[in-house]
Amino acid sequence: MIREPRNITRRIASAVLPIAGILIAFVAWQWLATGPLQRSGLPRVPATFDALGGILGQSAFWSSVGGTLLQALVGFALSVAIALPIGLYVGTSLLAYHATKLVIEILKPIPAIVILPLAVLQLGTTGALSIFLVMFSLIPLLIITVAAGARDTDPVRLDAARSYGLGSIARTWRIVVPSALPFVATGLRVSAAFALIIAVLAGLYGGAPGMGHDLDVYRQAGVLETSFAYVVVLGVLGLALNILLTAGERKVLFWHESVRKNVGRNDGAAGDTSRFSAERRRLWAVQDSAGRFVHRVTAVPVVRVVGRALRPRRIPVSEPAWRWTLRGVLILVPVALLAVWWVESASSENPFFPPLSDTVSRFGAIWLNPAAFDNAFPSLRNLVVGFALGSAAGVLAGAVIGQVRWLFTMLNPPISFFRAIPSIAYLPILIAVIGFTAPMRITAITLASFFPVLIAAIDGVRSIDETVVDVTRSYRIPRLITLFSVRLPAATPRIFAGAEIGLVAALIVMVASELIGTSQGIGAQVLLAQQTFQFSDMWAGIVLLAAIGILSNLVFRFVRGRILAWYDGARAASKAQ
């Protein structure tokens, strides 16, 4: 009897708080438009919604919305279909992990906007251009996220599964996949919004049909109210996409602590237990059906031969020899791919894809001399400062929002709304307010890296086992100490997974912010090479971005290893037992 009014209050709060969060966001927008940013060109909320009402009745608008959504969803679905099995295999096989690690790290930091001219020349200003760019951006990120989740599997559980005679496929399906799902769910929600952003960028800079193209047309015509009406629609689409993915996450991860403590507590204890048991039985039924299907498929002779060849296994050698084998594979695979590229491109007469030898020669001439410092240093400075500020702000804000339930309920819709808006869409406002300066570019990079880290921090803080938090309450440990000594350490692995996506977003905005208003920076030099048809110089800039990505990843891994030394040590100890 006591619980029923409390449950009603929670349900009312869960319905009212999101609306309040959205209203607060629009009030802040109106205050900025009429106050501090009055001269920046930022339109007011009523004028923006008047423009929105005008375009809602246009069939061309709905065609653009449908085209952008279709491009983003198709690219996202194809990326997931390709990245999930590869990520699981890479995460469960040390040999595959080392064979693909450096290749993925080379591809990951190359912004889609850099290869956009080449993609336009090959695919034209079509929807296929947008789909390709989405896949180019998402597949490496999703492989890394899924592999991180797979490698996070408790080794004790895997050993127990082996002792019961489960094969590699059964262990992957029964043990590895459930363990990786929280990581995968966070990666999917962040990547879905990222897919929408890339689809819009393809229209903004590549002319692909959709909302990005229309937004650029209105922006160049100076119709800012209509431009921001499109921005509002993008935010609404991102919010709807987040709601759908969250609902799917609750269906799949109903057993996880982060879902159970927010969904199940609205009912009574008995009702929660019965519903949890029913959902668990349905999950087992799905797992059993999928297991039987996989068993039938793997019984096919051809599939069996391929499966045996790809089965994750360790070469039967000594421990030192195994370690050296992995190091050799890590280096030899990229070297072999570069050798193939060198030989195959040696006789290339295609101006858009010059021989690798020409690219290497131009790389040395442009970027390995003292004058290159004037272009490389501003870009690297903006990247480091912006990414550091965005990550720090994302961790702090995510820790607070994830810990306070009513704050999460209220701010989750605005976060999803603003996350779906391309960071490049903020550039005109930032230029009007700050100007074509380094602080403007740092601010844009900060915004780009803030949201992936914020979402990962919120998910990480909320996924902690509630029993651990109850122990801290029983000992009356202050909330602030609990946050920094319990919640944040437990959330750190997932925060680093989000930070990897944030780093890629920061690289994209670093390049995009240098395409206008400056003659210095890596992005400006790549654009100059594209405009003057010096494609060897453009490829040299792409190689530099890949080198920056590898260097930033090494620094990232070093920092992660330092911060998560206790986590990796605990996992190594568990694996050794």
Side-chain angles (χ1 to χ4, degrees), residues 15-56 61 65 68 193 196-197 200-201 204 211-212 214-216 218-243 386 389-390 393-394 397-398 400-401 406-435 439-440 442-452 454-455 458 505 509 513:
V16 173
L17 287 176
I19 299 174
I22 295 175
L23 290 177
I24 290 174
F26 282 113
V27 168
W29 175 5
Q30 180 69 9
W31 174 75
L32 290 173
T34 57
L37 304 183
Q38 186 175 2
R39 298 182 179 180
S40 67
L42 177 64
R44 301 182 181 185
V45 175
T48 301
F49 276 92
D50 287 343
L52 178 60
I55 62 175
L56 287 178
F61 166 76
V65 172
T68 298
L196 186 60
I197 290 173
V200 174
L201 291 181
L204 277 171
M211 298 180 66
D214 293 351
L215 176 61
D216 188 52
Y218 285 113
R219 181 180 61 82
Q220 291 183 358
V223 188
L224 295 180
E225 291 81 5
T226 306
S227 299
F228 272 81
Y230 273 84
V231 170
V232 170
V233 173
L234 285 173
V236 172
L237 291 177
L239 180 59
L241 194 61
N242 181 73
I243 292 173
L389 291 176
V400 175
I401 295 172
W406 67 266
L407 194 60
F408 168 79
T409 304
M410 183 176 68
L411 294 182
N412 189 41
I415 290 173
S416 302
F417 180 90
F418 288 106
R419 173 69 182 93
I421 300 174
S423 300
I424 297 178
Y426 298 117
L427 285 178
I429 300 175
L430 296 177
I431 291 171
V433 176
I434 307 176
M440 180 275 292
I442 292 174
T443 304
I445 295 171
T446 300
L447 288 173
S449 57
F450 170 74
F451 285 104
L454 174 68
I455 294 172
I458 292 174
V509 176
S513 65

So, for [X] and [Y], which heavy atoms are closest and what is the spacing to 0.1 Å?
X: Ser449; Y: Gly390; value: OG-CA, 3.5 Å
X: Leu454; Y: Gly398; value: CD1-N, 3.4 Å
X: Leu196; Y: Leu234; value: CD2-O, 4.0 Å
X: Val200; Y: Thr68; value: CG2-CG2, 4.2 Å
X: Val509; Y: Ala448; value: CG2-CB, 3.4 Å

> Under 6.0 Å between ring centres, would you say that holds for Phe26 and Phe49?
Replying inline: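 Aromatic pair counts; centres sit under 6.0 Å.
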
> For Thr446, what residues pass the side-chain contact (heavy atoms from CB on, under 4.5 Å) criterion, not counting sequence neighbours?
Replying inline: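 Only Leu389, Ile442 meet the side-chain contact (heavy atoms from CB on, under 4.5 Å) criterion with Thr446.
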
> Who pairs with Ala229 by side-chain contact (heavy atoms from CB on, under 4.5 Å), at least two apart in sequence or on another chain?
Replying inline: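 Once residues adjacent in sequence are excluded, the partners of Ala229 under the side-chain contact (heavy atoms from CB on, under 4.5 Å) criterion are Thr48, Ala51, Leu52, Ile55.
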
>> According to ring-ring contact (aromatic ring centres under 6.0 Å, His included), who are the partners of Phe450, at least two apart in sequence or on a separate chain?
In response: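 Phe450 satisfies ring-ring contact (aromatic ring centres under 6.0 Å, His included) with no residue once adjacent residues are dropped.
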
> Are Val45 and Trp31 side-chain neighbours, meaning at least one heavy-atom pair lies under 4.5 Å?
Replying inline: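 They are not in contact (no side-chain heavy atoms under 4.5 Å apart), so the answer is no.
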
>> Using side-chain heavy atoms (C-beta onward) and a distance below 4.5 Å, is Glu225 in contact with Asp50?
In response: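 A side-chain contact under 4.5 Å is absent here.
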
> Quick one: CD1 on Ile401 to CD1 on Ile458, what's the gap to the nearest 0.5 Å?
Replying inline: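 Here the rounded value is 4.5 Å.
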
>> Is the ring pair Phe61/Tyr230 parallel, tilted or perpendicular, if the boundaries are 30 and 60 degrees?
In response: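 Correct class here is perpendicular.
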
